[in-house]
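Data first, discussion second: the structure below is written as C-alpha cells.
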Amino acid sequence: MNRILKTFLFAASLLMMCVTNAQQTAKAGDAIEQKIRSLINQMTLQEKVSLLHANSKFYVSDIKRLGIPEWALSDGPHGVRAEINRDNWAYAGWTNDSATCFPPGTALAASWNPRLAYERGLVLGEEARFRKKDILLGPGINIIRSPLCGRNFEYMSEDPLLISKMSVAYIKALQTKDVAASVKHWLANNQEEHRDSVDVTMSERALREIYLPGFKASVMEGGAYTVMAAYNKFRGDWCSENDYLNRQILRKEFGFKGVLMTDWAAAHTTVKAALTGLDLEMGTDKKDYNEWYFANPLIKAVEEGKVPVSVVDEKVANVLRVMMKTKMFDEAIREKGKMNTKEHQQAAYNDAAEAAVLLQNNRNLLPLNFGKLKSIAIIGDNATRKHCAGGLSSEIKALYEITPLQAMQQKFGATVKINFAQGYEKQSSFKEGNNSGQSGSTKVDWKLIDEAVAVARQSDVVIIFGGLNHDFDTESSDKQNMDLPYGQEILMQEVAKANPNTVVVIIAGSPVKLTGIVHRVPSILWSWFGGMEAGNAVADLLSGKVNPSGKLPFTLPVSLEQSPAHALGNFPGRDLKVNYEEDILVGYRWFDTKKIQPQFPFGYGLSYTNFSISNFSTDKSSYGKNETIHAKFTIKNTGSTYGAEVAQLYVSDPVCSVLRPEKELKAFEKIFLKPGETKTVEMQVKVADLAFYDESKKGWDTEAGEYVLQLGNSSRTIFQRVKISVK
C-alpha cells in the first residue's frame, strides 16, 4: 500500500510540475503579447510600415524612440555568409567575417543523423550571433524532384521524412542561440530554370504527402520563427501572395505566428500580398527603398482603405514577436556567440566524415593501407579545387579549406610518394542565371589524360577526385545533363586501364551519371562538397581511420530518362508552366513502384564492416487508428571494424483504394557499434502516419486492412518483414 501511495504522490507531483510549467509559459506568452500591443499602439503608420520592408540588402530599420532595434539577416544554410555592402552585392572587405563552412544540405541528409543537424544548428547560431545577425536564411528543404535542379546541393533529399527529421533538429538548435531560422523556399521551388516566373501545378495529394511535410514539421515541431516564400507561382499565384499557401495552410493549419518574408526581389504587388499574409519584403530591385511594394505604396493603400490597418498591425506583431523570442529587446541575456572555435571545426569535420557514401568497393580495395604503399597517384581538378566560396547565396568565406591533395600530403607525404596529375581542367564559366557556360565542358583534354595515365602506371594505387563544382551545383541555373563534365569519364576509364587499383572519389551535391565507370573501377566513394574540413575527412575515410556510414539521400539513376519528371517529359515545363505529373511517385517511390533498377537506390551505402539485423517484431499484430506501433529488432556488427548502420523502416499498403507507392520510409535510426557488439533498437510509427491524403474527403485516411513493415538498409535491400493489421 505504501509503495502505491508513493507512486501516486510522485505522479501527482509530476503532474503539478507540468501544470506549473504550462502556466508559466502561458504567462510569459501573455506578457509578450501585451508588450507587442503596447508598442503597436505607440507607432505611427509610417513607423509600422518601416518594419515590413528592408532598408538595405540585409537589414530592416530600427525605431529608436521606441527602443526597437535594427533587424540583421544573413544567408547561411551551411555557414554565415561574409559581410556584404548595405546597398549592393559587393563584399564589404571585412577581415573578421571568415566563418566555419559545413558541407551543404545533401551531405547533411546523407549522414542520416539528426544529432549532427542539431550540432550544426548550434554552431551556426553561435557564429551568427557573434556576427550580430538575428535571422539566418536556412535551412533549404525543397524536395529533390529532378537530378538537374541547380540547388539540389543546398536541399536535402527526395524523401519528406528524412528532410523533416534533419530540418527540425537544425531549427531547434539554431533558435536556442537566439537566432531565427528562415525555412525556404515556400513552396515547390524544385527547379532554377524560370524560377521567378514558372507556374507549378500539382495534385492536392502530392502537395500533402510529398511537398508540405518538411515545412509542416519545421513550423509545428521545429517552431521555425520565419519562412521564406519561393520565387515561383503555385497554381496561378505567386508564392509570396498565395492565399491558399499563406493564409489557409501556413497560418491556419500550421498555426504559424512568425514572419513570412519574400525571397530577394520576389514581391509583385502591394495590396494582394498584404491581404494574403506576406509580412516582410526583402531585396526588391528598386534603389529607393521608399518605392518598394511594402513601403510608401502600402501606406497609400491603407490611407485609401484598400488594406485595413489591422492587417498592417498583424504583420508588425509578427515581426515584434520574432524579435522578442530571439531576445532582441534584452541584449544582456541574449546569446553573445563565438566564432571559429575548435569545437566548430570539429563539427564541420564530423559532418563531412559521416556524410560520405561508399558506393562500391570491389576486391575490398578500400580502406587503403598507407603503411604498405610506396606510391600513390592523386588525379583530378577536384583534388585541389576549393568549393566553399561557390553556389551564390550559399557561398562561404571559410576561415580555411583543406583540399584532398593537401590532406593526403600532410597525413601520408612523409612515408608515401604522392604523384599528382591534373587529369582534367575546368572549362566551364559560370554566369548567374545562365547554364550555357556548361556547354563548353564536354571537351576531352588528351594531353592531361596522357599525363594522368603515365602517373597512374608509376603508382601502387590511384585516387581520382572528380565530380562537379559550383558552375553546376549552384543557385540560379539548372544542370543541362547528368554527365560528368570535362571528359572525366574517359579519364577514369583510361586511368583504370593503366592501373586497376583505381579509386574514384565523387565530389558533387546532386546526381551524376556513373554508368561509364561502375564496371571499370573497383571503388567509388561519394564525398559531396565537404566544407572546410573536406580534405581531412576524405583522407581519413580512404585510410580507414573513419568508416564510411553515409547513405544516399536521393536515388542515383542509371540515366536521366529514368527519373520520373524526365520520364514523363515535365521538366522544366512548357510556356512557363510545369505540371508535376508524376504526382506522389517522386524518387524511390517511382523507381520501386515501377520496378525500375537505378544505379544506386535511395538509402544505399556500404561500410568497411558488416552488420546483421534479426528478430524484427512489433508489440502487437493489430492496431487501432490512434495507436503507435512499437517495432523492435536486433542489430550486430559482425565485422572487425567499428562502424555505423542506418536501419530504415519502410511501410507498404498492399491493398488500397488508391495507388500507393510500393513502400515509403516511416522511421530510421543510425546505430554505432563496436566489432561484435549487439544492440536492441526500438522504432515507433504512429498508425496515423500510415495514412494517404484522400482528395475526395479533403483529409487523411488510414484504411483498415493489412500493412507490411519492411526493415532494411536501403529502399532496395530489405532484410525482414512483419505484417500488421489496422482496425
Is the shortest distance from a Lys or Arg side-chain nitrogen in Arg208 or Glu204 to a carboxylate oxygen in the other one below 4.0 Å? yes

Just to verify, what does Ser197 make a side chain to side chain contact (heavy atoms under 4.5 Å, CB included) with, not counting sequence neighbours? His194, Leu576

Sequence neighbours left out, what passes ring pair (Phe, Tyr, Trp, His ring centres under 6.0 Å) with Phe234? Give chain and number order. none

Between Asp351 (side chain) and Leu108 (backbone), is there a donor-acceptor pair under 3.5 Å? no

Could Arg86 and Tyr59 be counted as a cation-pi pair, given that NZ or CZ must be under 6.0 Å from the ring centre and within 45° of the axis? yes

How many angstroms lie between atom OG of Ser182 and atom CE of Met261, to the nearest 0.5 angstrom? 3.5 Å

Taking the six-membered ring of Tyr580, is NZ or CZ of Arg145 closer than 6.0 Å to its centre and within 45° of its axis? yes

Not counting sequence neighbours, which residues clear side chain to side chain contact (heavy atoms under 4.5 Å, CB included) with Asn435? List them please. Gln438, Ser477, Gln480

Residues in side chain to side chain contact (heavy atoms under 4.5 Å, CB included) with Thr201, at least two apart? Asn579

My understanding is that only residues two or more places apart in sequence, or in another chain, count here; which of them pass side chain to side chain contact (heavy atoms under 4.5 Å, CB included) with Pro160? Ile143, Pro213, Arg589

Stacked cation flag Lys233 on Trp238, 6.0 angstrom / 45 deg: yes

State plainly whether the residues Arg195 and Glu475 are in salt-bridge range, i.e. N to O under 4.0 Å. yes

Side chain to side chain donor-acceptor pair (under 3.5 Å) partners of Asp196, counting only residues at least two apart: none

Given 3.5 Å as the limit, does a donor-acceptor pair link the side chain of Asp478 with the main chain of Gly150, or not? yes

